[in-house]
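One structure below.
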Amino acid sequence: MSTYRHMELTMKLLLLHILRLFKRGVMGYKTLLILLLFTMALIAIYARSNDSLLTSVKNTNTGKIRPDPEVLCPKNLPELWADMNSLIDARGLYPNDFNLKLIKSAIRCARIIQVEQLKVQNTFKWLLTLEGGQKILFKPLLLPKGEHEHECNVGCEHPEYEITAFAINRLLGFNNMPITTGRQISWFEEIFSIASKEIKDVMKIINTTDVCFKLRCPTTVRIREFCFSRGMIKGSAMVWLNRTIRIMYPKKTNFQYHDFHIYSRLRNKFKNSLQGQDGFCSLFRSIPPYSEDRMFYHIIDMAVIDYILNNIDQRHTYIIGDDGKTIVNIMIDFGQSFCPYPLLLLGAPIYQCCSIRNSTFKAVYRLRDRLEEEFEKETMDDPVYPVLLPNVFQQLQRQLKELVSFLDFCVAHKGMKNVVID
Ligand SMILES: Nc1ncnc2c1ncn2[C@@H]1O[C@H](COP(=O)(O)OP(=O)(O)OP(=O)(O)O)[C@@H](O)[C@H]1O
Ligand SMILES: [Mn+2]
């Protein structure tokens, strides 16, 4: 029971006791009056303190919400968001020389003006509108870092892996994942006053300082309560693309990128093709749009990142460019990364096809030699820092090394000029 509920009951009992004593003639009118006045004063003080509880939490948290006082919050937000959105083209979502630091600090500290609950799929998520109009997909960190609720994180996902995926996507020069960073949000200071009844109904305020909600991870029976101390919620914040997002389903077949995956083996007609048969890659390449180089090598890039992150959930996803025609390949959905089991088949597009873009090939080897320092540089100022626990980071290092060994194998068997494509 909360302290306040306790106080309320104690005061009611005190009142009853005073009245009982008066009835028994133990006290006179004067004593009764004094005691009643004293009790009423106590109730008034209690009511005031209860009323100001939200404010008092708010006050103690002031100054702690902004992640890093060193990073100034950008002022010209509407222009900043507009510039960012105008940079999307067929090559990706932002250019190599883009000022990510500035955008990330804007995502971390811009005022939240609207919050919507997105239909809960695998992950509890809010769609936030930040000052200047940019929408952000916010997924709170629920499970403790490194804890696996279910095999391969199906069910309750890990939003810190979205932040990791963005860093790796960036370090490999793909630049096709929507910009993602950690953000800390205060329920009391930033959400409460703008939240709809639907959102407030989900959240429970306990002891008026901790905010909790109950959630059943879709694949598990158990309902868990997740609590945020002082209402401070950390999570991943991803730029929302105001576009139609589509998943690639090649025409006249149910054959798609997922067909390489161990998890989709059961659902597709090509299940036997996955068992390392040589013909699989040429079959894949003969199916539009994978007959087109740009599409095929995007699949290889996806396999690179999925292998490094041991992620089972990615699909070939794209948006349409400003001209209404061009396909812009993007990468999303990494909350199920770092499956604790080795999933060799995630690397099938690499070791079966043995064909990769020169830029990806070089970036993979470069990253292998500098992963620790580069990842640290990308994430050191993140509010969710350290983004990965040491054992998960070691898994990342291991997976990257294995990926390099696939490429070594390809080069040894097919020769560099047949593996690396310009
Ligand atoms: N940055 C984004 N911009 C626009 N739409 C997005 C973005 N990220 C995700 N979406 C849309 O929201 C859907 C759900 O997002 P996401 O896959 O990240 O959530 P999830 O809870 O992990 O769901 P899933 O069950 O598919 O794993 C996506 O399929 C996509 O259509
Ligand atoms: Mn997901």
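All values below were derived from every heavy atom in this structure, side-chain atoms included, with hydrogens, water molecules and symmetry-related copies excluded. For ligands, and for the atoms within them, numbers begin at 1 and follow the listed sequence.
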Quick check: closest heavy atoms across Arg183 and Phe138, and the distance to 0.1 Å?
O-CE1, 3.6 Å
Tell me the closest heavy-atom pair linking Leu93 and Met177, and the distance in Å.
CD1-C, 3.5 Å
Enumerated ligand 1 atoms positioned under 4.0 Å from heavy atoms of Asp313
27 (O)
At a 4.0 Å threshold, what atoms of ligand 1 neighbour a non-hydrogen atom of Pro178?
1 (N)
Take every heavy atom of Lys139, measure it against each atom of ligand 1, and state whether any distance is under 4.0 Å.
yes
Heavy atom of Lys125, distance to ligand 1 below 4.0 Å
yes
Can you tell me which residue pairs pass the salt bridge (charged side-chain N to carboxylate O under 4.0 Å, His left out) test with a partner in residues 355-373, sequence neighbours excluded?
Asp301-Arg357, Arg366-Glu374, Arg370-Glu374
Are the charged groups of Arg91 and Asp89 less than 4.0 angstrom apart, N to O?
yes
Which option out of Gln336, Lys135, Arg315, Glu157 puts a heavy atom nearest to atom 22 (O) of ligand 1?
Glu157
Which option out of Val239, Ile245, Leu137 puts a heavy atom nearest to atom 8 (N) of ligand 1?
Leu137
Of the N, O or S atoms in Asp333, the one nearest the Mn ion (ligand 2):
OD1
Does Phe124 have its ring centroid less than 6.0 Å away from the ring centroid of Phe226?
no
Quick check: Glu162 and ligand 1, any N/O pair under 3.5 Å apart?
no
Of all pairs that satisfy disulfide (SG to SG under 2.5 Å), the ones with a partner from residues 370-422, not counting sequence neighbours:
Cys354-Cys410
